[in-house]
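Working notes, structure below.
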Amino acid sequence: MTPETLAEKVLSATREAFEALGLDAAVLPVQTAVERPRDPKHGDYASNIALQTAKKAGTNPRALAEKITEILAATDGVAKVDIAGPGFLNISLDAAAAGEIAGKVVAAGDSYGTNNSMEGVYANLEFVSANPTGPIHAGGTRWAAMGDALARVMRASGAKLTSEYYVNDAGAQIDHFANSLLARAKGEPTPENGYVGAYIDEIAADVLKARPDALTAPEPIEVFRTVGLELMLNDIKQTLADFGTHFDVFFSEKGLHDRGEIDTAVQRLTDLGHVYEADGAVWLRTTEFGDDKDRVLKNSRGAWTYFASDCAYYLDKRERGFEKLVFMLGADHHGYVGRMQAISRAFGDEPGTMEILIGQFVNLLKNGEPIRLSKRAGNMITLNDVVEAVGVDAARYALTRYSADSMIDLDIDLWTKHGNENPVYYVQYAHSRTHGVLRTARDRGLQLGDGYDASLLDKPQESDLLKALAEFPAVVATAAELREPHRVARYAEELAGAWHRFQNSDSQIVQRVGEEPGPVNVARLWLTESSRIVLVNALGMLGVSAPERM
RNA sequence: GCCUCCGUAGCUCAGCUGGAUAGAGCACCGGACUUCUAAUCCGAUGGUCGCAGGUUCGAAUCCUGCCGGGGGCGCCA
């Protein structure tokens with residue numbers, strides 16, 4: 001029995017209890033969940049439904065709990081129900097019911113963990129979106145890992161999701177970039193507001209390689225702008241691909257200008273009555289929608305601002321049909337939340353249509369000290385620096401196992417260790433141990449067969465592992481709903497621990513050499529195979545590899 | 001000044017859409033390899049959940065204030 005099924009049974013038992021006691025069933029929640037108590041004395045699962053509903057229904061929790069218990073205890077697969085404390089229900093499953101989960105996992109295979117909590121949600125997830133004027137920095141690296149994991153988790157929960165990278169290929173920053181390239185190509189010093197770093201020299205050289213006439217062309221700056229941008233963007237795309245981060249769409253800001261979408265968007269906002277002129281500029285009245293101050297759409301020199309592009313981009317996404325627009329921004333951009341939300345509201349959308357996630361910074365630590373310098377990019381740490389320091393798997397894992405709200409100090413020494421102090425090794429090693437067992441099983445002729453006797457899995461380490469396996473779909477659903485992929489990483493560590501403990505318990509999984517396999521060996525093989533599947537699926541959602549041998 | 005994130009074991013952090021005696025890894029101490037990977041496991045030690053109020057049957061979790069630290073507050077992108 002899965003926790004979800006049990007929760008449904010708890011709810012229906014409660015409904016029956018309400019009826020029997022003549023209480024108003026309107027106070028019952030639509031859904032409830034059971035939790036795994038820390039203390040094994042509290043059974044396999046616990047429910048607080050009596051506590052939550054008794055007061056609203058005008059009765060006392062214990063009396064209600066007793067009635068629920070009476071009904072629930074008669075349910076198939078439920079071994080025992082105890083009332084504890086003020087009215088908790090402590091539920092124990094019989095071993096067979098608990099053991100069913102391994103069969104479900106094996107049957108579901110790769111798809112185990114998918115759920116329908118976000119079924120039908122048509123969402124756009126924008127992340128990284130680093131300016132194509134330089135490599136992706138450490139903060140962007142965090143989003144590359146976390147955004148990609150979130151995309152996977154949301155898709156696994158049924159969302160129809162497009163991952164998107166906004167390319168700021170218009171505006172003054174690109175001019176500075178092109179000027180910097182041109183200057184370096186001519187051997188001149190970097191102009192004011194220009195970009196520095198070895199990568200600028202590299203790209204300048206590559207532009208000259210691609211276009212030997214670049215310096216003698218009618219407008220050299222245009223050659224450097226166009227070719228340089230393309231080279232930089234390709235470099236970023238390649239870096240992301242090597243990192244395992246996939247984007248469905250790279251969306252060009254310049255395209256918004258070229259297609260006249262900015263005029264369209266501003267016209268739309270004007271028609272809605274939110275635009276006015278003052279001090280020679282054109283403004284959007286964002287203060288009407290909770291922003292601190294109004295924002296300029298077109299400056300007094302007659303140029304569209306970046307903010308105007310944002311409006312057009314928002315409208316573009318909405319017209320492509322997305323109902324939920326999620327943005328991941330760095331902490332340095334948190335000041336943009338107010339004006340961004342105002343865009344959504346100004347176009348008349350409901351609160352919640354736009355969702356902005358803010359992620360804190362990342363420091364790369366060596367010997368306890370932050371690293372500030374990058375070989376290629378000068379005064380910033382890049383994605384490639386992080387990967388070079390710890391590898392793709394450790395980098396992705398390290399960047400996804402923490403809440404976006406907390407700052408990350410990524411300690412190179414820790415994340416390159418081969419031991420259980422390094423969480424990524426701990427989880428990957430658990431997975432590779434499942435393969436070790438499966439190899440041995442194969443060698444000795446032990447097979448899963450058509451089924452197994454789930455009631456044989458009754459040791460504490462076995463039932464703990466079963467309960468951990470059963471949790472996965474709910475973890476994925478919660479991670480998707482709360483946009484917190486780190487929950488999957490923490491879960492993977494918990495599962496890996498449960499697996500290691502099972503493996504190290506005195507349970508012989510495979511029969512000894514020369515022995516005939518018994519039904520208990522078969523049952524444990526099912527447990528092993530389902531652990532392998534869930535570890536693979538969990539690591540897969542984080543974009544971390546699952547090696548078969550280490 | 002305003003906004004925002006953080007403050008939980010010696011360290012790094014989970015837990016926060018209110019639930020039972022607050023958890024994990026590391027570090028420290030003591031154990032377990034004739035065995036499917038010991039890159040593992042078991043046990044012990046370790047806490048006024050920054051401080052003070054409030055909400056309630058119940059607060060690490062929600063609200064208010066304060067303290068300490070990170071970041072942000074342009075007709076820049």
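Just so we're on the same page: letters track the sequence lines, and every chain starts at 1.
Note on A:Ala281: a base of the nucleic acid sits closer than 4.0 angstrom, heavy atoms only. Looking at heavy-atom distances under 4.0 Å, A:Arg549 makes contact with a base. Using a 4.0 Å heavy-atom distance criterion, A:Ser403 is classed as a sugar-phosphate-only contact. Here A:His176 lies out of heavy-atom contact (under 4.0 Å) with every strand. Contact annotation for A:Asn168: no contact, since no heavy-atom pair falls under 4.0 Å across all strands. Among the protein residues, A:Glu421 comes within range of the sugar-phosphate backbone only, with heavy atoms under 4.0 Å from sugar or phosphate atoms but none that close to a base.
The nucleotide whose nearest atom lies closest to any side-chain atom of A:Asn90 is, among B:G19, B:A20, B:C36, B:A20. For A:His418, taking side-chain heavy atoms from C-beta onward, the closest of the listed nucleotides B:A77, B:C36, B:A39 is B:A39. Among B:C6, B:U17, B:C36, the nucleotide with an atom closest to any side-chain atom of A:Leu482 is B:U17. Closest contact between the side chain of A:Ser406 and the listed nucleotides B:G15, B:C13, B:C36 involves B:C13. Comparing B:A39, B:C42, B:A77 by their nearest atom to the side chain of A:Arg501 picks out B:C42.
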Q.
Let's test your reading of the pairing rules: Watson-Crick or G-U wobble, both distances under 3.5 Å, then write RNA chain B as a dot-bracket string with ( ), [ ], | and dots.
A. (((((((..((((.....[...))))..((((.......))))......(((((..]....))))))))))))....
